[in-house]
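Presented below is the structure to which this report refers.
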Amino acid sequence: QVQLVDSGGGLVQAGGSLRLSCAASGRTESIAAMTWFRQAPGKEREFVARITWRGGIKYYADFVEGRFTISRDNAKNTVALQMNSLKPEDTAVYYCAVGANSRYPVDYAYWGQGTQVTVSS
């Protein structure tokens, strides 16, 4: 099993930045990719960004539009999501997940507890 701990959320004004972190522990050798999802109130959980663990290949949702950057530190088993130029519509609970290499939440077995991001206008 893999345990994930998300952190770094908070309240920020539109146009501001936040940096989310996710630390993995347990059977980290099984990780193929680490992925960020988000879920806004009343909406389905959606893919934000993913990075493959060995090759460091990055994937982003279309709505990111170059504003977010995902990165990893294999030695520390952490992944970060740098979010710049935040918009009110980015308000959501953000989750990191492992256990798959896809953009579909249903494929993932392990989830962080989530961290709230609130962007005020």
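Because only heavy atoms are used, hydrogens play no part in the values below, and waters and symmetry mates are left out as well, while side chains stay in. Nothing here was measured: the structure is a model prediction, and the numbers come from that model. Count residues from 1 along the sequence.
At a threshold of 4.5 Å between side-chain heavy atoms, the hydrophobic network of Ile, Leu, Val, Met, Phe, Trp and Tyr places Ile31 and Phe47 in two separate groups. Hydrophobic clustering of Ile, Leu, Val, Met, Phe, Trp and Tyr side chains at less than 4.5 Å, counting indirect connections, unites Met83 with Val64. The cluster map of Ile, Leu, Val, Met, Phe, Trp and Tyr, joined by side-chain heavy atoms under 4.5 Å apart, puts Phe37 and Val117 in different clusters. One hydrophobic cluster, built from ILVMFWY side chains closer than 4.5 Å, holds both Trp111 and Val93. The cluster map of Ile, Leu, Val, Met, Phe, Trp and Tyr, joined by side-chain heavy atoms under 4.5 Å apart, puts Tyr95 and Leu81 in different clusters.
Here the shortest heavy-atom pairing between Gly9 and Thr115 reads N-OG1, 2.9 Å. Contact between Val2 and Ser30 at its shortest, heavy atoms only, is CG2-OG, 4.0 Å. Taking all atoms of both residues into account, the shortest heavy-atom contact from Ala33 to Asn101 is CB-OD1, 3.6 Å. Closest approach of Val98 and Met34 over heavy atoms only: CG1-CG, 3.5 Å. Minimum heavy-atom separation, Ala14 to Pro88: CB-CD, 4.1 Å. Between Arg19 and Ser71, the closest heavy-atom pair is NH2-OG, 4.0 Å.
Under the 3.5 Å distance criterion, the side-chain polar atoms of Arg72 are matched with a main-chain donor or acceptor of Arg54. A donor-acceptor pair under 3.5 Å links the side-chain atoms of Gln113 to the main chain of Asp6, judged by distance alone. Not one N or O on the side chain of Lys58 forms a donor-acceptor pair closer than 3.5 Å with the backbone of Thr69. A distance-only check finds a donor-acceptor pair linking the side chain of Thr52 to the backbone of Ile57 [under 3.5 Å]. Under a 3.5 Å cut-off, the side chain of Thr91 and the backbone N or O of Val119 do form a donor-acceptor pair. A distance-only check finds no donor-acceptor pair linking the side chain of Tyr59 to the backbone of Ser102 [under 3.5 Å].
The distance from atom OG of Ser121 to atom NZ of Lys87, rounded to the nearest 0.5 Å, is 14.0 Å. Between Gln39 atom CD and Gln116 atom CD the span is 11.0 Å, to the nearest 0.5 Å.
The 12-atom threshold is not exceeded at CD of Glu44, counting heavy atoms of other residues, nucleotides or ligands nearer than 6.0 Å.
Ser17 is listed as a side-chain neighbour of Asn84, based on a closest heavy-atom distance under 4.5 Å. Under the 4.5 Å side-chain criterion, counting only non-hydrogen atoms from C-beta, Leu4 is in contact with Cys22. Between Phe68 and Asp90, some side-chain heavy-atom pair lies under the 4.5 Å cut-off. With contacts defined as side-chain heavy-atom distances shorter than 4.5 Å, the pair Trp53/Asn77 qualifies. Side-chain contact between Trp36 and Val79 is present, with heavy atoms from C-beta onward closer than 4.5 Å. For the pair Tyr108/Arg45, no side-chain contact is recorded, criterion being any heavy-atom separation below 4.5 Å from C-beta on.
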Checking side-chain contact (heavy atoms from CB on, under 4.5 Å) for the pair Thr35/Arg103: CA distance, chi angles, key distance, verdict?
-> CA-CA 8 Å; Thr35 304; Arg103 58 177 56 214; over 6 Å; no
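Figure legend: Arg38 and Phe63 shown as a cation-pi pair, the cationic atom lying under 6.0 angstrom from the six-membered ring centre and within 45 degrees of its axis.
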